[in-house]
Amino acid sequence: RRSIRRKGKTQGKESQKAVAGRSEETVIDRFSDCREILQKWCNLPVEALSSSMKLLVGVLFSFFLALPSAVARGGERGGTLSEYENDRSNVATTKARVLLEDEKSPNKIARARGYMTNSDLEKAVKDFGRRCSNISRIYSIGESVNGVPLWVIEISDKPGEEEGEPAFKYIGNVHGDEPVGRELLIRLANWICDNHLKDPLVRSIVENSHLHILPSINPDGFALQRRGNAKNIDLNRDFPDQFFPLNDDIHTRQPETAAVMKWLSEIRFTGSATLHGGALVANYPWDGTSDGRKHYYLCPDDDTFRFLASTYSQSHRNMSLSTEFPGGITNGAFWYPIYGAMQDWNYIHAGCFELTLEVSDDKWPMIDEIPTLWEHNKMSLLNLAASVLKTGVHGRIFASDSGTPLPGFITIKGINYTVNAGRAFGDYHRLLVPGERYEVMATMPGYKSKTTTISLGETAMTVDFILDPETTTERYLWRTSGCNCGGSSSSSSKFGLEMFWTLHFEVYVVIIILLFWFLIRRRLKSNLSNDKQHAARSSLLPA
């Protein structure tokens, strides 16, 4: 499909290879639907269409190579959002996410040689857990369609414990035919294990954050050597989307997608990145646009995302030298809009700043290129994970009356985005661009908000907030109406019952006082009436 990327080739040739690969993906994505529509209209078996469709794909692929627009992530391009929705509603609900089936060719079998199989990957994860048990734990967030566990490595000096520290996650192999990420992430985990006692940067990551590594979110797609999962669904089009409500249908959601969503409901991640292949660029939100057209579509934290993307690009061996992407970074929608992507969902629904990293021009290079790719990406992976420690404003929110942590909210003046503080420690971690002045506000229902202005330097800043309570009644009314987010049903019931009695105690006191006042008043009226009757009887008696 494309010649393998070798050292010494010019940047221009690498870009041409990326264009060819991305154009081919576009044709494959679009003709998967065409084949099924033709089969339905013409009432022909798949075998009768197979050779004709392959020939047609080949002809049109040659035409698409001449187009300047390129798609590495396989998204729909051009047209309006309504046209995109119509395309998807004309076929089955998830049809736009279903991809053309690939037959295993000798070339595909050859390129897989040397890569870890899913069994090899599971063994590597568990071996790591045994070798580095003092700074790690191994857990699964769920299973793939075919029942393969989705293993995660957590690295920290206190793995498995909840702390007031930021968490970062890496996810690899989102697309089954992009396996470089799973190889790099296993190397990253092992490198941290071997160097955390002697490398200051790695030691800081281990001691001051929680790093979670999911080497493969799509093991079924890897085993089949195709982009989609076992149901041939593109997982990077399967998340709920702000512009595309059809993705809100939970009945069509893939188990891998559901596992990630549940994972983020349990752990509050500050930053994240997914590893892809087929280009060399750091991609940031938004991925989609409201009108479905290709143009720069910035999110509220556009400056911060550009800073994070540049952190990765500039730490890379040659990503920042790209002639296709200035600085080696790109806004997703400016590259081309897609819908149902993981990174936009992370930012909107999980409060997590996620990037999409294209780490290799070749989607599936020969295994002997992995050591070189690792060296090119090693410092980028480390520096991005450390960014949740090295920049932004961090701190905790407390109540002045009790000293207890508050799960409040942090906002920055001029940026329409809210970061939630943790429930257990009241800790918040707000990523921001260094070298700027910011007005930071801490709020919590039932408490008076507080604002402070900071000048953020090149390193992170710590700012704690102590909030004074509003009137007692207002505070208790909020607490009884609030949710116990992320808590168990038993703790939620206990919390609600406690607040019930806390509020109603005041009500009972008021009722008792009113009742006491009513009884006294009634008694006084009764005594007054008796006195008048006695006086009347006395006046009737003879002198």
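All values reported here derive from a predicted model rather than from experimental measurement. Count residues from 1 along the sequence.
Heavy-atom contacts from other residues, nucleotides or ligands closer than 6.0 Å to CG of Asn134 number more than 12. Sparse packing is recorded around CZ of Phe334, with 12 or fewer heavy atoms of other residues, nucleotides or ligands lying under 6.0 Å away. The 12-atom threshold is not exceeded at CD1 of Ile466, counting heavy atoms of other residues, nucleotides or ligands nearer than 6.0 Å.
Side-chain contact between Leu224 and Asp177 is absent, with no heavy atoms from C-beta onward closer than 4.5 Å.
Taking the six-membered ring where the residue is Trp, Phe239 and Trp345 present tilted rings, their angle falling between 30° and 60°. A perpendicular orientation is assigned to the rings of Trp263 and His212, their planes being inclined by more than 60° (bins at 30° and 60°).
Of the charged side-chain nitrogens involved, none lies within less than 4.0 Å of a carboxylate oxygen, so that Arg187 and Glu183 do not count as a salt-bridged pair. Under 4.0 Å is where a charged nitrogen must lie from a carboxylate oxygen, and between Arg130 and Asp127 at least one such pair does. Asp427 and Arg268 are joined by a salt bridge, as a carboxylate oxygen and a charged side-chain nitrogen come within less than 4.0 angstrom of each other. In this structure, Arg430 pairs ionically with Asp301, as a charged nitrogen and a carboxylate oxygen lie closer than 4.0 Å.
Ring pair Phe243/Trp286: centre-to-centre distance not below 6.0 Å. For Phe269 and Phe353, the distance between ring centers is not under 6.0 angstrom. Ring centroids of Tyr170 and Phe168 are separated by less than 6.0 Å, placing the two rings close together.
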**Trace of the salt bridge (Lys or Arg N to Asp or Glu O under 4.0 Å) decision for Asp464 with Lys450** = CA-CA 11 Å; Asp464 292 335; Lys450 282 193 175 179; over 6 Å; no

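Stacking of Arg182 on the aromatic ring of Phe222 is recorded, both the 6.0 Å distance cut-off and the 45° axial limit being met. A cation-pi arrangement, defined by a distance under 6.0 Å to the six-membered ring centre and an angle within 45 degrees of its axis, is absent between Lys413 and Tyr438. For Arg137 and Tyr139, the positive end sits near the middle of the six-membered ring, less than 6.0 Å away and at most 45° from its axis.
Residues Asn173 and His175 bring no donor and acceptor atom of their side chains to less than 3.5 Å of each other. A donor-acceptor pair shorter than 3.5 Å cannot be found between the side chains of Arg253 and Asn247. For the residue pair Asn346/Lys169, the side-chain donor-acceptor check at 3.5 Å is satisfied. Defined by atom type and a distance below 3.5 Å, a donor-acceptor pair is present between the side-chain atoms of Asn229 and Glu256. With hydrogens and angles left out, the side-chain atoms of Asp468 and Ser400 include a donor and acceptor closer than 3.5 Å. Thr404 and Ser402 share a side-chain donor-acceptor pair at under 3.5 Å.
Of the listed residues (Asn331, Thr330, Asp302), just one forms a side chain to side chain donor-acceptor pair (under 3.5 Å) with Tyr296, and that residue is Asp302. Exactly one residue among Ile213, Val125, Asp120 makes a side-chain contact (heavy atoms from CB on, under 4.5 Å) with Ile186. That residue is Val125.
Here the closest heavy-atom approach between residue Ser272 and residue Cys352 is recorded as CB-SG, 3.4 Å.
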